[in-house]
Number of protein chains: 2
Amino acid sequence: MGIEERKEREKEHRKEEILDAAQKVFFDKGLPTATMDEIAEAAELSKGTLYLYYKSKEDLYLGVMMRGMQVLFNEYEGLAASLDSPLQKIIKLSDLYIDFFVSNRKFFRMFHFLQMPQFHKQVSDEMQQYCGIETRRLWDLVIGIMKKGIESGILRSDLDPIEIGIILWSSSSALMMRGDTEGDRWKERFNIDLSHTLEVSNRLFLNAILTDKGRKEFTALR
Amino acid sequence: MGIEERKEREKEHRKEEILDAAQKVFFDKGLPTATMDEIAEAAELSKGTLYLYYKSKEDLYLGVMMRGMQVLFNEYEGLAASLDSPLQKIIKLSDLYIDFFVSNRKFFRMFHFLQMPQFHKQVSDEMQQYCGIETRRLWDLVIGIMKKGIESGILRSDLDPIEIGIILWSSSSALMMRGDTEGDRWKERFNIDLSHTLEVSNRLFLNAILTDKGRKEFTALR
DNA sequence: TTATATACTGACTATTAGTCATTTATTACT
DNA sequence: AGTAATAAATGACTAATAGTCAGTATATAA
């Protein structure tokens with residue numbers, strides 16, 4: 001009998017519905033000001049029910065975030081499969097991340113919380129573990145690309161693939177975050193477009209890690 | 001009569017005492033889990049009194065943070081005065097920021113909140129303005145150094161001093177933040193020392209923005 | 001000494017995360 | 001179908017805590 005299976009499906013479906021509602025509220029209000037009552041109302045469920053599916057507000061928040069991460073992840077995997085050259089993959093990864101920031105700004109904004117030590121303490125072990133697995137998956141992907149780049153001779157072999165992966169990802173994230181929160185102010189005060197700054201940053205950095213061969217290939221692509 | 005003046009001094013003193021207490025509690029617990037009652041107890045005052053001096057918990061938090069920022073700022077101003085060459089000033093700024101991170105990690109950690117859009121909404125206008133002024137002061141300093149670097153011919157003149165200031169500062173901050181929250185995990189999983197990664201990042205980036213003349217001067221310094 | 005102004009207090013309110021005894025719906029069994 | 005057993009959902013309740021404000025204590029002025 002498939003009753004067990006159906007119930008399992010329904011349970012998963014309810015979890016998704018709750019995530020949908022939570023996403024709407026978190027997008028609007030952010031973690032601190034969103035309330036569980038609001039989320040319950042948006043989900044057309046009672047507050048108690050939310051706690052049958054997620055252990056805490058923070059768990060729910062991470063649940064929404066992880067779903068966003070998978071959007072980014074899957075988009076990239078799809079695109080990367082159609083590309084052969086490691087250089088193109090690097091460029092595509094960097095471009096895609098920027099695109100994701102532009103078109104999923106509210107997801108991106110949620111990512112801030114990942115970096116707050118105090119936040120993690122309120123999260124259940126299961127969610128933390130799940131989070132760790134997904135994050136690891138992302139890093140393996142980034143690092144894998146860099147390794148391929150070095151193997152194929154377009155990236156400097158005296159650099160550590162892991163380190164340049166972190167640097168590229170972190171500096172991009174940082175500039176996008178700044179663009180998100182302070183973009184208008186920079187434009188107004190200094191007439192600086194932070195999305196342009198991000199391009200400059202990535203160009204400078206890419207140039208610094210490419211070999212001569214890589215640079216040739218890069219200029220050929222333009 | 002100096003009564004007015006004395007009272008003014010005492011008021012300022014009380015504000016500082018409250019900041020001291022708040023700092024202790026925020027360092028221990030972080031913004032979300034610290035409570036005003038705890039701070040009041042640490043300050044040996046009633047909770048109501050805190051609100052006579054600061055408008056909200058977030059205001060108090062920013063008050064502590066701004067004091068930390070001034071520590072960093074003053075340290076740099078002192079050091080920069082003793083240096084002539086723009087290149088040395090750039091290197092010193094970058095080193096000092098890292099030192100500050102190492103020895104004032106808890107201050108540094110507080111800075112995370114500056115980047116959260118949702119946070120600012122709970123802050124009074126006065127504090128926000130004060131915050132803006134101090135931040136502006138910091139950026140003027142960073143940008144000023146970059147401008148001098150370009151004028152003196154050690155930094156590429158085809159780059160915008162503001163943009164490279166932001167890039168250098170942001171990428172350093174990002175890597176320190178990551179080192180703070182995830183340093184242990186990176187060490188364990190990939191045997192990567194993120195403080196080394198930060199050095200690599202700064203070296204790569206500096207190299208990318210220096211002119212030939214700048215690079216010569218740089219190697220001469222080592 | 002008294003009146004006024006200033007600094008401080010802590011009980012109180014409002015909000016909200018999280019719980020749990022109770023109710024409602026679903027499935028299994030006769 | 002009817003009934004017992006199981007699972008899902010509820011919402012009133014508790015505890016914690018940011019922020020308030022009427023009242024108290026202290027310092028200054030007259």
Checklist outcome for this item: Rounded to whole Å, the CG-C1' distance (A:L50 to D:dA8) equals 13 Å

Item to check | Spacing between A:D37 atom CG and C:dT19 atom C1', to the nearest angstrom | outcome: 14 Å

Item to check | Minimum-distance nucleotide to B:T35 side chain [options: D:dA8, D:dA18, D:dG19] | outcome: D:dA18

Next on the checklist: Distance check needed: D:dA27 P versus B:E5 CD, whole Å only.
Outcome noted: 19 Å

Checklist entry - When you check the gap from the basic side-chain N to the acidic O, do A:D193 and A:K187 get nearer than 4.0 Å? => result no

Item to check | Sugar-phosphate only, base, or nothing, as touched by B:Y53 at under 4.0 Å among non-hydrogen atoms | outcome: sugar-phosphate

Checklist entry - Should the pair A:K11-A:E8 be classified as a salt bridge under the 4.0 Å nitrogen-to-oxygen rule? => result no

Checklist entry - A:T49 side chain: which of C:dT16, D:dG19, D:dT10 is closest? => result D:dT10

Checklist outcome for this item: Looking only at C:dT9, D:dT10, C:dG18, the nucleotide nearest the A:K47 side chain is C:dG18

Checklist entry - Choosing from C:dA17, D:dG19, C:dT9, which nucleotide comes nearest the side chain of B:S56? => result D:dG19

Next on the checklist: Salt bridge or not between A:E126 and A:K55? Use side-chain N to carboxylate O under 4.0 Å.
Outcome noted: yes

Checklist entry - B:A34 near the nucleic acid: base, sugar-phosphate alone, or nothing, with a heavy-atom cut-off under 4.0 Å? => result sugar-phosphate

Checklist outcome for this item: Separation of D:dT10 atom C1' from A:M36 atom CE, nearest Å, is 15 Å

Next on the checklist: With no hydrogens and no angle check, just 3.5 Å: does a side-chain donor-acceptor pair link B:Y97 and B:S173?
Outcome noted: yes

Checklist outcome for this item: Looking only at D:dA8, C:dT9, D:dG19, the nucleotide nearest the A:K11 side chain is D:dA8

Checklist entry - When we call it a touch if two heavy atoms are under 4.0 Å apart, what does B:L45 touch: a base, just sugar-phosphate, or nothing? => result sugar-phosphate

Item to check | Among C:dC8, D:dA9, D:dA18, the nucleotide that comes nearest once only the side chain of B:S46 is considered | outcome: C:dC8

Checklist entry - In terms of side-chain heavy atoms of B:Y51, which of D:dA9, D:dT28, D:dG19 is nearest? => result D:dG19

Item to check | Base D:dG19 to side chain B:K57, donor-acceptor N/O within 3.5 Å cut-off | outcome: no

Next on the checklist: Under a plain distance cut-off of 3.5 Å, with no hydrogens placed, do B:T49 and B:S46 share a side-chain donor-acceptor pair?
Outcome noted: yes

Next on the checklist: Rounded to whole Å, how long is the line connecting atom CD of B:E17 with atom C1' of C:dC8?
Outcome noted: 14 Å

Checklist entry - Can you find a side-chain donor-acceptor pair between B:T197 and A:E163 that sits under 3.5 Å? => result yes

Item to check | Nearest-angstrom distance from the residue atom CG of B:L31 to P of D:dA18 | outcome: 9 Å

Item to check | Nearest-angstrom distance from the residue atom OH of B:Y54 to P of D:dT20 | outcome: 17 Å

Item to check | Toward the 5' end of DNA chain D, by each residue's nearest nucleotide, B:K55 or A:L52 | outcome: A:L52

Checklist outcome for this item: Separation of D:dG19 atom C1' from B:L60 atom CG, nearest Å, is 13 Å

Item to check | Distance test, side-chain N/O of A:R14 to OP1/OP2 of D:dA9, below 4.0 Å | outcome: yes

